[in-house]
There are 2 protein chains.
Amino acid sequence: MEINLSVTEENYIKAIYHLQQADGNVSTNEVAKELATKPASVTDMLKKLKQKKILNYEKYQGFRLSNDGRRIALGIVRKHRLWEYFLVEKLQFGWDEVHEVAEELEHISSKKLIDKLDAFLEYPKFDPHGDPIPDVNGKMAAQPQINLTDLPVNQLAAVSSVGIQSTELLELLKHKNIAIGTKLEVKKKFAFDNSLEIKIKGQNAFTISQQLAQALFVKMV
Amino acid sequence: MEINLSVTEENYIKAIYHLQQADGNVSTNEVAKELATKPASVTDMLKKLKQKKILNYEKYQGFRLSNDGRRIALGIVRKHRLWEYFLVEKLQFGWDEVHEVAEELEHISSKKLIDKLDAFLEYPKFDPHGDPIPDVNGKMAAQPQINLTDLPVNQLAAVSSVGIQSTELLELLKHKNIAIGTKLEVKKKFAFDNSLEIKIKGQNAFTISQQLAQALFVKMV
DNA sequence: AAATAATTTTAGACAAATCTAAAATTATTT
DNA sequence: AAATAATTTTAGATTTGTCTAAAATTATTT
Ligand SMILES: [Mn+2]
Ligand SMILES: [Mn+2]
Ligand SMILES: [Mn+2]
Ligand SMILES: [Mn+2]
């Protein structure tokens, strides 16, 4: 039951999970790119994870996580996001500084630790980037969120998450006075450069670039 | 400046630090025993740490940590003990459950993380076992503590730390109503079995075994 | 001072995770 | 349907950390 996984194996499992969530199917090359390694190394690991029944894999035929694999991946995601929440809410880290540290903390193996941390944090539902945190059973809040570029004009919505976690994005968001939870409407869409005119209650309307809009996800309210 | 150390290297450095603190000098065999590995593996690592200037080592002539080595060791001890404090004080772990988890957490590399954790915990001076926590500069509170077996009769003292961190010891201490901070006196020493008669204020005197007394350290008050 | 014992080191092997270069397979063009 | 391109896999090497067995050194007895 209790399989022991190396940090490397866990990183592969999580990367495959995220890629197949986004894409449906995953390729050797994509995994290599995501983990900054070589396709040959990925193939080696695919064989190993198949061996451990974490992956359904037939060579040249593609691969997907097994049920066990998905369960393991959700456990790692849970740890990653709970630690990020802890770092921001309790240790006063910035939003943009937590990912790398969480990348290490997610591999601490104690189940008891993570469940006690969850309780200490009072069972948060979303991490600081707006991504849902799986609970102890791997269930997480559905996120009926859409990209800001797809929000209909004059539809009030709240910023729910960001697609990128860079310091540069955070800097821009601070300057524009946008944070997770900020309520806004799109007033106009400009076809020339796909920029958007945005209105936040009590402020003057202003324009944001296509790049920025694509990095923001919102929930309609 | 920023040397990258593997978890394995860090565990060796910390083990050597503790052994040379206790003993003055350390042997290959002792390190092997401490880390549950073989002397041949230790020799391999000694060469590697000498290479990295963490260790002063000449074959067959023994070894000691260099200044750099001691600085690194203190950093690891700092992380270990701060995490133990966090686990007990914030996450409600028991005293006897934290060591293994801290053994993993001590290898999380972020300096910022540990300094922010220190601040969050309000700069604790001692870990849950009574061991001093090095500050950001590696300085820690002196511990003028002695073993309970060496405490003079009728000398009031406070329990300051334990030499062993087992669940079994904790169970016995709970039953005897002794915790870190408990004030007590030795009333009698029995030569036959080296048991001690102990008095805690407001309680009847009782006897503790040599084994228990050896596991307890006290500060005179 | 020899002999014996204990400790420490070397030699050689192995597993995990990685890489480069080449081969095999699948996909896309022409 | 060939040719070409892209992807994926294999073959063989390398690094890290480990091991066992044997050799070298140091310590202790006799
Ligand atoms: Mn993250
Ligand atoms: Mn990671
Ligand atoms: Mn400990
Ligand atoms: Mn450790």
Side-chain angles (χ1 to χ4, degrees), chain A residues 2-16 19-20 22-65 69 72-73 76 103-104 106-107 109, chain B residues 2-16 19-20 22-65 69 72-73 76 103-104 106-107 109:
Chain A
E2 307 295 316
I3 340 165
N4 246 30
L5 296 167
S6 70
V7 168
T8 309
E9 288 169 328
E10 289 193 347
N11 282 335
Y12 271 93
I13 292 167
K14 196 183 64 163
I16 293 168
L19 289 170
Q20 79 180 28
D23 232 59
N25 62 337
V26 202
S27 72
T28 305
N29 270 345
E30 279 178 308
V31 175
K33 193 169 188 186
E34 176 73 18
L35 294 176
T37 184
K38 304 289 145 143
S41 304
V42 174
T43 300
D44 289 345
M45 184 58 84
L46 295 178
K47 287 183 198 163
K48 200 173 153 195
L49 293 179
K50 177 201 169 86
Q51 188 79 40
K52 295 198 177 190
K53 314 237 171 160
I54 285 164
L55 209 58
N56 298 315
Y57 165 65
E58 295 303 328
K59 66 176 173 174
Y60 292 113
Q61 304 306 302
F63 49 92
R64 308 216 76 207
L65 290 174
I72 293 165
I76 303 166
E103 205 54 49
E104 289 185 53
E106 72 189 357
H107 305 291
S109 60
Chain B
E2 307 295 316
I3 340 165
N4 247 29
L5 296 167
S6 69
V7 168
T8 309
E9 288 168 329
E10 289 193 348
N11 282 334
Y12 271 95
I13 293 167
K14 196 183 65 162
I16 293 167
L19 289 169
Q20 80 179 28
D23 232 61
N25 63 336
V26 202
S27 73
T28 305
N29 270 346
E30 280 178 308
V31 175
K33 192 169 187 185
E34 176 73 19
L35 294 175
T37 184
K38 304 289 143 139
S41 303
V42 174
T43 300
D44 288 345
M45 184 58 84
L46 295 177
K47 287 183 196 161
K48 201 173 152 196
L49 293 178
K50 177 200 169 86
Q51 188 78 40
K52 295 197 176 188
K53 314 238 173 158
I54 285 164
L55 210 58
N56 299 314
Y57 165 66
E58 294 304 329
K59 66 175 173 176
Y60 292 113
Q61 305 306 300
F63 49 92
R64 307 218 76 206
L65 290 173
I72 292 165
I76 302 166
E103 206 54 49
E104 288 185 54
E106 71 190 358
H107 305 290
S109 60

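Each chain gets a letter, A, B and so on, in the order the sequences are listed, and its residues count up from 1. Hydrogens, waters and symmetry mates are skipped; everything else that's a heavy atom, side chains included, is used.
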Can you confirm whether [X] sits close enough to [Y] that some side-chain heavy atom of one is under 4.5 Å from a side-chain heavy atom of the other?
| X | Y | result |
| --- | --- | --- |
| A:L5 | A:H107 | no |
| A:N56 | A:L65 | no |
| B:N11 | B:E106 | yes |
| B:L46 | B:I16 | yes |
| B:M45 | B:V31 | no |
| B:L49 | B:Y12 | yes |
| B:E58 | B:K50 | yes |
| A:K52 | A:E9 | yes |

>> Could you work out, with salt bridge (charged side-chain N to carboxylate O under 4.0 Å, His left out) as the rule, every residue matching B:E10, not counting sequence neighbours?
In response: none
Mind calculating the distance between [atom1] ([X]) and [atom2] ([N]) to the nearest angstrom?
| X | N | atom1 | atom2 | answer |
| --- | --- | --- | --- | --- |
| B:D44 | D:dT16 | CG | C1' | 10 Å |
| B:N4 | D:dT15 | CG | P | 18 Å |
| B:L49 | C:dT9 | CG | C1' | 16 Å |
| A:K50 | D:dT8 | NZ | P | 16 Å |
| B:E10 | D:dT16 | CD | C1' | 15 Å |
| B:K47 | D:dT16 | NZ | P | 14 Å |
| A:Q61 | C:dA24 | CD | P | 18 Å |
| A:L46 | C:dA16 | CG | P | 16 Å |

>> Taking any heavy-atom pair under 4.0 Å as a contact, classify A:Y57: base, sugar-phosphate, or nothing.
In response: sugar-phosphate
>> Taking any heavy-atom pair under 4.0 Å as a contact, classify A:E30: base, sugar-phosphate, or nothing.
In response: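 Here A:E30 touches no strand at all.
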> Does B:A40 or B:M45 map to a spot on DNA chain D nearer the 5' end, using the closest nucleotide for each?
Replying inline: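 Checking each residue's closest nucleotide, the 5'-ward one belongs to B:M45.
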Closest approach to the side chain of [X], judged atom by atom: which nucleotide of [options] is it?
| X | options | answer |
| --- | --- | --- |
| B:S41 | D:dT18, C:dT10, D:dT9 | D:dT18 |
| A:Y12 | C:dT10, C:dT18, D:dT26 | C:dT18 |
| A:T8 | C:dT26, D:dT18, C:dT18 | C:dT18 |

> OP1 or OP2 of D:dT8 sitting under 4.0 Å from any side-chain N/O of A:K38?
Replying inline: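 Negative; the distance criterion is not met.
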Atom pairs, N/O to N/O, protein against nucleotides 1-7 of chain C, distance under 3.5 Å?
unit_1: C:dT7; atom_1: O5'; unit_2: B:N29; atom_2: ND2; d: 3.4

>> Counting Watson-Crick and G-U wobble pairs with both distances under 3.5 Å, what is the dot-bracket string for DNA chain D, 5' to 3', using [ ] for crossing pairs and | for pairs to another strand?
In response: ||||||||||||||||||||||||||||||
> Looking at B:E34 and B:K14, does any basic side-chain N land under 4.0 Å from a carboxylate oxygen?
Replying inline: no
> Taking for each residue the nucleotide of DNA chain C bearing the nearest heavy atom, is the 5' side occupied by A:K59 or by A:T37?
Replying inline: A:T37
